[in-house]
Amino acid sequence: MAAEQERAQALRFMQDMVGWQIVEQHIRERAADRREQLMTCSNWEEVLQHRAGAEALESVLLFIEQTIREGNEEE
């Protein structure tokens, strides 16, 4: 099995774990909180800060999704 497929499989297994589901929910909630805070920003610096925070959190989930997708394409 290629390295990409192994990583994808490991991440698929991780997604089935209750602990990961708790962490994933936490990440989604924090990202949503950051996005909501964008509505109350008083200056551009705050907008950039909250947007960057939301994007950083969402990038973790995106990495997992992309790695699984790429691993599936390799099969």
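Starting from 1, each residue takes its place in the sequence as its number.
- Put simply, the side chain of D33 does not reach to within 4.5 Å of the side chain of H50, judged on heavy atoms.
- Within the 4.5 Å cutoff, side-chain heavy atoms of I68 are placed close to those of N72.
- Inspection of the E29 and Q25 side chains reveals an N or O donor paired with an N or O acceptor under 3.5 Å.
- The distance from atom CZ of R12 to atom CD of Q5, rounded to the nearest 0.5 Å, is 8.5 Å.
- Here the straight-line distance linking atom CD1 of I27 with atom CD of E58 works out to 10.5 Å at 0.5 Å rounding.
- Counting all heavy atoms, side chain and backbone alike, A54 lies closest to A31 at CB-O, 3.9 Å.
- Considering only heavy atoms from C-beta on, L11 stays 4.5 Å or farther from W20 through its side chain.
- Side-chain contact annotation: S42 with E46, donor-acceptor N/O pair under 3.5 Å present.
- For R35, the CZ atom counts as densely surrounded, since its 6.0 Å shell holds more than 12 non-hydrogen atoms of other residues, nucleotides or ligands.
- Within the 4.5 Å cutoff, the side chain of R51 has heavy atoms near those of the L48 side chain.
- Taking a cutoff of 4.0 Å between a charged side-chain nitrogen and a carboxylate oxygen, E24 and R28 qualify as a salt bridge.
- Using a 4.5 Å heavy-atom threshold, the side chains of Q49 and Q37 count as separate.
- I64 and L62 fall into different hydrophobic clusters, where Ile, Leu, Val, Met, Phe, Trp and Tyr are joined by side-chain heavy atoms under 4.5 Å apart, directly or via other members.
- Shown here are the salt bridge (charged side-chain N to carboxylate O under 4.0 Å, His left out) partners of E4, two or more places apart in sequence or in another chain: there are none.
- The line from CZ of R7 to OG1 of T67 is 5.0 Å long, rounded to the nearest 0.5 Å.
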